[in-house]
Amino acid sequence: MNRPLNSRTPKVKEFVNPPFIACPDCGNTTFGVLMVNKYQYARRCTTCWFDKAYPLPPLRKKVIYLDQFVISNMMKQLDPSTPCEQRGHHAQFFHELFEALDRACKLQLVVCPESSVHDYESVVTGPHYENLRRMFRHLSYEVRFNRPEHVFRTQIVQCFRSWLDGVPAEVPRERGMALFGDIDAWTARIRIGLNYVLPGLAQELTQLRDAKTKHLHGVCLQWQQAPDFSFKEVFQNEVAELGRSILRQYARYLAKFGKVTSGEIPVSEIAFPPQEVDLARDLLREAAKTHSDIQGRFDAVNAFFDSKDFRRLSYVKIWGLFWATLARSVRAGMKPENFPTGSIYNDLDVIAAYSPFCDAMFVDLEMENLSRQGDLGRCLASGAKIFSLRSKEAFLNYVKGLENEASREHLNLVKEVYGPSAGTPFLELLTWDKMKPTTSARAACVTQQ
């Protein structure tokens, strides 16, 4: 059950069609499922209150990332207030996709983690935010992608540590690096969500997106007007800038820190340092293990940024190849009105940070087109399968095919644990709290395990 808690939606505890069997203690057929947790479930007799726990086998769920436009379009199909003209040309597909994804999640085969990108791109929509949040939280089953900068920070620190020791760095691929939560756990039958929106966040995100759009359009014009173009040179420049920006942000922060100590600016100016500052601190702390002087530590960090080990990091390599691939497309004659907007930074963060840890990703046409080109396509080939509306039927078949691949024993156990209605899509996701508070209405909203 994915129900937001606020003054308008009180907490209700109910269960879905518990599968009853005969109680081994008193023999009455009231021995139903009481609770499901990560690796076991418990039954209790409603007559004699006899309890017994049963272990659950380990799972290996598929991790699927859904782009924001997928979340938005599925939301439109489930919201009865959406006008027909706003449901889009692919309305039937997105309705069927939600049913397939929701069923696969309930059958313990798939998880579609939510992310900060989902939240940020939803909050700027204003009145649609609550429905969008319900959608991506419902399919996430309390699993969340770590922020892209967290994934980058973890990769770079681990690689830098190996580089200092002279050991060939292994690019980390453990799913726990990119995901927070019990990915492969059996899901509980009750979930509780808390809603909170930071005041002013939507306006700040909109201003930031507009600023990025303006900057990116300027860069695109530079690519087009440059007398010469080199794919390799763009790649190397973007990778080098990725490293330089970390130390540049750190230097700016230190300068502000000095002004705070002299009373020139308030302490609030350094209260929330950018993530580059924390990353620089981590790297300098690692360098202190082999370099006693501060200049030696900075030199070591700079040398690492210039090394092949740094360019081998999945995030860094994808980042550089993406911009070089985009630059080549722009250079080929892209019209200014078709230049990408600032939101492409979110898409790039998602691909660079999450693709090595996903089994499949459904992205927009622009990202899918870029991800299949040349060196970038070969780099991404070892990670998630990339789908878009161009390959929508293939994606739908991929999701539905997961149930066909599941063993009969697994599917029977799901029904035993969650009831015979396990796998039924929750088409009332956006309307259950608007129904009259009758027994049947409450029962409808609790079909969500």
Side-chain angles (χ1 to χ4, degrees), residues 63 65 115-117 145-180 183 232-251 253 273-325 345 348-358 361 371 375-384:
V63 176
Y65 180 85
S115 72
S116 58
V117 175
F145 281 108
N146 290 321
R147 294 169 63 91
E149 55 265 32
H150 172 83
V151 178
F152 174 54
R153 178 179 174 181
T154 304
Q155 283 188 2
I156 195 173
V157 171
Q158 288 189 13
C159 187
F160 183 55
R161 188 179 297 130
S162 299
W163 182 83
L164 287 171
D165 295 336
V167 178
E170 293 292 333
V171 180
R173 288 187 176 271
E174 300 84 4
R175 295 200 296 182
M177 172 183 294
L179 291 155
F180 176 81
I183 311 166
K232 183 178 180 180
E233 184 176 337
V234 175
F235 170 77
Q236 292 175 341
N237 288 341
E238 291 298 331
V239 170
E241 176 60 22
L242 193 58
R244 286 194 298 264
S245 65
I246 296 171
L247 295 179
R248 188 165 56 246
Q249 288 276 16
Y250 184 61
Y253 181 79
Q275 59 94 15
E276 290 88 352
V277 172
D278 290 332
L279 175 53
R281 286 171 172 168
D282 288 345
L283 296 176
L284 292 171
R285 191 178 299 114
E286 291 294 330
K289 298 175 182 178
T290 55
H291 297 77
S292 58
D293 62 303
I294 187 64
Q295 186 58 50
R297 299 170 197 171
F298 275 101
D299 291 343
V301 173
N302 276 310
F304 172 67
F305 288 150
D306 291 334
S307 70
K308 293 182 180 179
D309 292 84
F310 179 66
R311 293 193 293 272
R312 285 181 60 244
L313 287 173
S314 59
Y315 187 103
V316 175
K317 190 173 183 179
I318 294 171
W319 179 275
L321 289 174
F322 173 86
W323 288 118
T325 304
Y345 285 90
L348 173 54
D349 267 340
V350 164
I351 295 290
Y354 303 150
S355 61
F357 308 97
C358 292
M361 305 183 80
S371 70
D375 292 340
L376 179 58
R378 287 187 287 272
C379 176
L380 294 173
S382 61

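Keep in mind the model is a prediction, meaning the values are calculated, not measured. Numbers for residues simply follow the sequence, beginning at 1. All values below were derived from every heavy atom in this structure, side-chain atoms included, with hydrogens, water molecules and symmetry-related copies excluded.
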Open item on the list: Using 30° and 60° as the class boundaries, would you call the ring planes of Trp319 and Trp323 parallel, tilted or perpendicular?
Closed with: perpendicular
Can you tell me how far [atom2] of [Y] sits from [atom1] of [X], rounded to the nearest 0.5 angstrom?
| X | Y | atom1 | atom2 | answer |
| --- | --- | --- | --- | --- |
| Arg244 | Glu276 | CZ | CD | 14.5 Å |
| Arg312 | Asp309 | CZ | CG | 6.0 Å |
| Leu348 | Ile318 | CG | CD1 | 8.5 Å |

Between [Y] and [X], is there a side-chain donor-acceptor contact under 3.5 Å, judged purely by atom types and distance?
| X | Y | result |
| --- | --- | --- |
| Asp349 | Tyr354 | no |
| Gln155 | Ser314 | yes |
| Asn237 | Glu241 | no |

Could you check if a side-chain atom of [X] sits within less than 4.5 angstrom of a side-chain atom of [Y], using non-hydrogen atoms only?
| X | Y | answer |
| --- | --- | --- |
| Phe145 | Cys358 | yes |
| Glu286 | Phe304 | no |
| Tyr250 | Val301 | no |
| Arg153 | Asp278 | yes |
| Leu279 | Phe152 | yes |
| Tyr65 | Val117 | yes |

- [ ] Report the residues that fulfil side chain to side chain donor-acceptor pair (under 3.5 Å) with Ser355, sequence neighbours left out, ordered by chain and then residue number.
- [x] none
Open item on the list: Among Glu149, Glu174, Met177, which residue satisfies the side chain to side chain contact (heavy atoms under 4.5 Å, CB included) criterion with Thr154?
Closed with: Met177
Task: For Asp165, all residues meeting salt bridge (Lys or Arg N to Asp or Glu O under 4.0 Å), sequence neighbours excluded - done: none
